[in-house]
There are 2 protein chains.
Amino acid sequence: MGTDVFTLQAEILKALSHPTRIRIVNQLRRGERCVCEIMAELELEQSNVSQHLAVLKRAGLLGARKDGLKMMYWVRRPEVFVVLDTLRRMVLLRVEEQVRLLSEAE
Amino acid sequence: MGTDVFTLQAEILKALSHPTRIRIVNQLRRGERCVCEIMAELELEQSNVSQHLAVLKRAGLLGARKDGLKMMYWVRRPEVFVVLDTLRRMVLLRVEEQVRLLSEAE
DNA sequence: AGTTCATATTAGAATATACTGATAGAGTAA
DNA sequence: TTACTCTATCAGTATATTCTAATATGAACT
C-alpha cells in the first residue's frame, strides 16, 4: 500500500489526473458545492460525478458534510490549487512551444 | 485528444502519477542521466525504465539526446519540481493528520 | 406508513496501464 | 566482418480505470 513517499505522492496525482476531477476541483475554488450543482454545471451523470468525488475524497483532497438531503463537498488541501495553477502554466508553455515550432517549420 | 486545458493538465498529471516515474524525475533533479544509471539506482528492469521514460517524454516533461551508446534524459520543465515539492508537503500534512487522529482516538 | 429527492453503490463492459520476457536496432570496438 | 553494449519496442498477461445503467440508502415530507 501507500507506504513510501513516492507512492503517496503518486496516489494524490492519480486522484487528480482526470479532466472531470480537475474541473470539479476548480469548481470548488470558491467554496463548497453539492453534488447536484456540480453535475449540473459539468453536464455529467449523477453516478459519474459521485464516483469522481469519491476518488478525490479517498485521496484526502476533499471534505464532505451532509446538509439535509444534499451532500456538500469542499477542498481540504489548498495545495491542490498550487498544483493545478502550476500545471496550467506548464500547459500554456507547451502550447506556446508547439506554436513556435509550427511557425518555424514554414 | 488533448484539446482543452483540463485534458492537457490531466495528461501531465497522469504521466507523473506513478511512483517509479516520480523517482525518475527526482533522480533528474541534479541534471541529465542515462538509462543505465537510472535502472541501476532504482533496481528495475531495463525495459520497464525505458517505458516509464517514454511516458514522461511523451508528456513533454523530459528531453533526450544520444551520447554514444547511451541515451541521456533530463527534465525540460522545472515546474515539475514545483509540483512534486508541493505534493511532498501534502503527503507530510496528511501523515501528520493521521498521527494526530490516531493519538486522539486513545 | 408511502413518496420523493439527493446521493451512493453496484455490476458489467470497454478501454487503458503496467509489468515481464523476447526481440530488434543502433553505435562501438575488435 | 563479428561481437558486444545500450536502449527501444513488441507481445502477452494481469490489473486498474472509466463509463453507463440499474439498484440501494437515507433523509424529508404527506
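Since this is a predicted model, take the numbers as computed values, not measurements. So you know, we letter chains A, B, ... as the sequences are listed, proteins then strands, and number each from 1.
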- Straight-line distance of B:Leu56 CG to B:Leu62 CG, nearest 0.5 Å: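 So the CG of B:Leu56 and the CG of B:Leu62 are separated by 4.5 Å.
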- Query: Say you draw a straight line from CG of A:Leu61 to CD of A:Glu11; how long is it, rounded to the nearest 0.5 Å?
  - Reply: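 Answer for the CG-CD pair, A:Leu61 versus A:Glu11, is 11.0 Å.
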List every contact pair, protein side and nucleotides 14-18 of chain C side both N or O, where the distance is under 3.5 Å.
from, atom 1, to, atom 2, distance (Å)
C:dT17, OP1, B:Lys14, NZ, 3.0
C:dA18, OP1, B:Arg21, NH2, 3.4
C:dA18, OP2, B:Arg21, NH1, 3.4

When the side chains of residues 45-53 of chain A are checked against the rest of the protein, which donor-acceptor pairs come out under 3.5 Å, sequence neighbours left out?
from, atom 1, to, atom 2, distance (Å)
A:Gln46, NE2, A:Ser50, OG, 3.3
A:Asn48, OD1, A:His52, NE2, 3.1
A:His52, ND1, A:Arg21, NH1, 3.0

- Message: One thing to verify: whether B:Glu104 and B:Arg100 come together as a salt bridge, which I'm taking to mean a side-chain N less than 4.0 angstrom from a carboxylate O.
- Response: yes
- Query: Should B:Val99 and A:Ile12 be regarded as members of a common hydrophobic cluster, given that ILVMFWY residues are connected when their side-chain heavy atoms come within less than 4.5 Å of each other, either directly or indirectly?
  - Reply: yes
- Residue pairs fulfilling ring pair (Phe, Tyr, Trp, His ring centres under 6.0 Å) with at least one residue in residues 77-101 of chain B, sequence neighbours excluded: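 Those involving residues 77-101 of chain B do not exist here.
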- Message: What does the B/S/- profile of nucleotides 22-30 of chain D look like, 5' to 3', with a 4.0 Å heavy-atom cutoff to protein?
- Response: B---BBS--
Gap between atoms [atom1] and [atom2], on [X] and [N] respectively (whole Å):
X       : N      : atom1 : atom2 : value
A:Met71 : C:dT9  : CE    : P     : 9 Å
B:Arg33 : D:dT7  : CZ    : P     : 13 Å
B:Tyr73 : D:dT7  : OH    : P     : 9 Å
A:Met72 : C:dT7  : CE    : C1'   : 13 Å
A:Leu13 : D:dT17 : CG    : C1'   : 16 Å
B:Glu45 : D:dA8  : CD    : P     : 15 Å
B:Glu11 : D:dT18 : CD    : P     : 14 Å
A:Leu44 : C:dT7  : CG    : P     : 14 Å

Please list, one pair per line, the donor and acceptor atoms closer than 3.5 Å that link side chains of residues 68-75 of chain B to other protein atoms, with sequence neighbours excluded.
none

- Item | Partner residues of A:Arg29 under the side chain to side chain donor-acceptor pair (under 3.5 Å) criterion, sequence neighbours left out | A:Asn26, A:Asp85
- Do B:Arg94 side-chain atoms and A:Ala59 backbone N/O form a donor-acceptor pair below 3.5 Å? yes
